[in-house]
Amino acid sequence: MTDMPAPRLAAEVFQQRLLDWFDRYGRHDLPWQSPRSAYRVWVSEIMLQQTQVATVIAYFERFMARFPTLEALAEAPQDEVLHLWTGLGYYARARNLHKAAQVALEAHNGELPTDSVEGLMALPGIGRSTAGAIIAQSTGRRAAILDGNVKRSLTRLHAVAGWPGKPAVERKLWALADYYTPDSRVADYTQAMMDFGATLCKRSTPLCGHCPFNDVCLAYAQGETKRYPESKPKKPLPTRETIMLMLYDPDGRVWLEQRPASGLWGGLWSLPQFDSQSQLASWLDDHVLGPERLPPLACFQHTFSHFRLAITPQPVSCDRLKGVREGGVWYDPSQPAELGLAAPVKSLINQLTPFTLTSTPGHA
DNA sequence: AAGCCGGGGAA
DNA sequence: TTCCCAGGCTT
């Protein structure tokens, strides 16, 4: 009772052709490939979710320098983990990674439970494909993956219609992915599938002339590689507006508040946000002594996957806060604490340098 | 099944 | 500009 489309090649033939291609043209020098450990493979797989290899490499190196072992990660404060994730996006990945390290330390003797896909999937942030990748790459046992590269390659090879995000399409692709997965050289095979999708069966302008499967690829035979995979049905992005308060004290420190633990920018430190100038004025009135508005910065837009945020930065200088506020810190840009910052917040703070501030009236 | 969750590379 | 990337979680 399988949902699987007819394979284009016997599994053994597919594997042989792919591994021959990989031995010549695959990537064999990625930082998480040597030294290879379950921990390093795991961290790389999480960072690589929805993120390109070229972007990840520098983050991975910094992360490994600071957290060389699972135990080091588990015992670190979350702020430090988010700090090293700043700019990478999808911050739930970092929170889940941190939490999973703590679970592994307490419940699995500090090791990842790589015995089974189900065991790994029980950890936060690890789904079926990531679990398969970790097992294949770190243990060499048979496990299938289905990432964006594999989805793209398989939809073309088999001319699978429909957006791969649809569960019915995804089921077919999982069946194919599992069918082609070999019993031996699984780590190489998994890496080969990802390399093949990333460097040959690319999203645009795939290199079909050099493809080891161009004699059996249905999309190529139809001259319709462009049509696969079908794209996600698109909807217009809604726009939200916000005012970001850049409140500076006489020492040039800026006031940051921590976001709620989950949701957008969860756990990151950000500038206070307001829906209107009157709300901003009211907040200043309630909490700030001696506020003076500074020359405004240019408005700009920050685009998320599901909406667009129109940001109006409002610099304000002050003497101090009235009383103490929980969940906030005075952040010194010249001696930055190791906190996670949302990308546009980091950009704004770096943009408004200490020199800019001290050259404005109202201080010193 | 659909929405939520970032940021950047590439065309 | 537009698309989407080594996806997973929540509702």
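All chains are named by letter (A, B, ...) in the order of the sequence lines, taking the proteins before the strands, and each is independently numbered beginning at 1. Small disclaimer: the values here were computed from a predicted structure and weren't measured.
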Trainee: Looking only at side-chain N and O atoms, does A:Gln16 offer a donor or acceptor that is under 3.5 Å from a partner on A:Asp20?
Mentor: yes

Trainee: Considering only atom P, compute the distance from B:dA11 to C:dA6 and round it to an integer number of Å.
Mentor: 13 Å

Trainee: Using the C1' atom on both, measure B:dC5 against C:dC5 and round to a whole Å.
Mentor: 14 Å

Trainee: Does A:Ser44 reach a base, just sugar-phosphate, or nothing at all? Heavy atoms under 4.0 Å.
Mentor: nothing

Trainee: Is there side-chain contact between A:Asp215 and A:Arg17, with heavy atoms separated by less than 4.5 Å?
Mentor: yes

Trainee: Identify whether any heavy atom of A:Glu170 sits under 4.0 Å from a base atom; if not, whether one sits that close to sugar-phosphate; answer base, sugar-phosphate or nothing.
Mentor: nothing

Trainee: Say we look at C:dC9 and B:dG8: how far apart would their P atoms be, to the nearest angstrom?
Mentor: 24 Å

Trainee: Verify the neighbour count for atom OH of A:Tyr25: are there more than 12 heavy atoms of other residues, nucleotides or ligands below 6.0 Å?
Mentor: no

Trainee: Where is the tightest heavy-atom contact between A:Leu341 and A:Tyr331, given as atom of each residue plus distance?
Mentor: CD1-OH, 3.6 Å

Trainee: When you look at NZ of A:Lys226, are more than 12 heavy atoms from neighbouring residues, nucleotides or ligands closer to it than 6.0 Å?
Mentor: no

Trainee: Using 30° and 60° as the class limits, which term best fits the ring planes of A:Phe22 and A:His28: parallel, tilted or perpendicular?
Mentor: tilted

Trainee: On DNA chain C, reading 5' to 3', which nucleotide is the first and which the last to sit with an atom under 4.0 Å from a heavy atom of chain A, could you check?
Mentor: C:dC3 to C:dC9

Trainee: Do A:Arg27 and A:Thr199 pair up side chain to side chain, a donor and an acceptor below 3.5 Å, judged on atom types alone?
Mentor: no

Trainee: Within the structure provided, determine whether A:Glu230 and A:Val169 are in side-chain contact (heavy-atom separation under 4.5 Å).
Mentor: no

Trainee: Taking only heavy atoms on the protein side, list every residue of residues 116-131 of chain A lying under 4.0 Å from any atom of DNA chain B, sorted numerically.
Mentor: none

Trainee: Contact list please: residues 145-154 of chain A against DNA chain C, heavy atoms, distance less than 4.0 Å, in numerical order.
Mentor: A:Asp147, A:Gly148, A:Asn149, A:Arg152

Trainee: Mind checking the C1' distance from B:dG6 to C:dC3? Whole angstroms is fine.
Mentor: 15 Å

Trainee: Can you confirm whether A:Val216 sits close enough to A:Phe14 that some side-chain heavy atom of one is under 4.5 Å from a side-chain heavy atom of the other?
Mentor: no

Trainee: Can you pull the side-chain hydrogen bond (donor to acceptor under 3.5 Å, both in side chains) pairs that have at least one residue in residues 259-278 of chain A, sequence neighbours excluded?
Mentor: A:Asp79-A:Trp269, A:Thr242-A:Gln273, A:Arg259-A:Gln273, A:Ser276-A:Ser278, A:Gln277-A:Arg293

Trainee: Do A:Met47 and A:Phe63 come close enough that some side-chain heavy atom pair is under 4.5 Å?
Mentor: yes

Trainee: Treat primed atoms plus P, OP1 and OP2 as sugar-phosphate and everything else as base, then score nucleotides 1-11 of chain B 5' to 3': B for base contact with protein heavy atoms under 4.0 Å, S for sugar-phosphate contact only, - for none.
Mentor: S--SBBB-B-S

Trainee: Going by the angle between their ring planes, with limits at 30° and 60°, are A:Phe307 and A:Phe304 parallel, tilted or perpendicular?
Mentor: parallel

Trainee: Any side-chain heavy-atom pair from A:Asp251 and A:Asp332 closer than 4.5 angstrom?
Mentor: no

Trainee: Can you list, in residue-number order, the parts of residues 15-38 of chain A that come under 4.0 Å of DNA chain C, counting heavy atoms only?
Mentor: A:Arg27, A:Leu30, A:Trp32

Trainee: Compare all side-chain heavy atoms of A:Tyr180 with those of A:Leu154 and state whether any distance is below 4.5 angstrom.
Mentor: yes

Trainee: Should we say atom CD of A:Glu111 is surrounded by more than 12 heavy atoms from elsewhere, each under 6.0 Å from it?
Mentor: no

Trainee: Which heavy-atom pair separates A:Thr190 from A:Ala143 by the least distance, and what is that distance?
Mentor: OG1-O, 4.4 Å

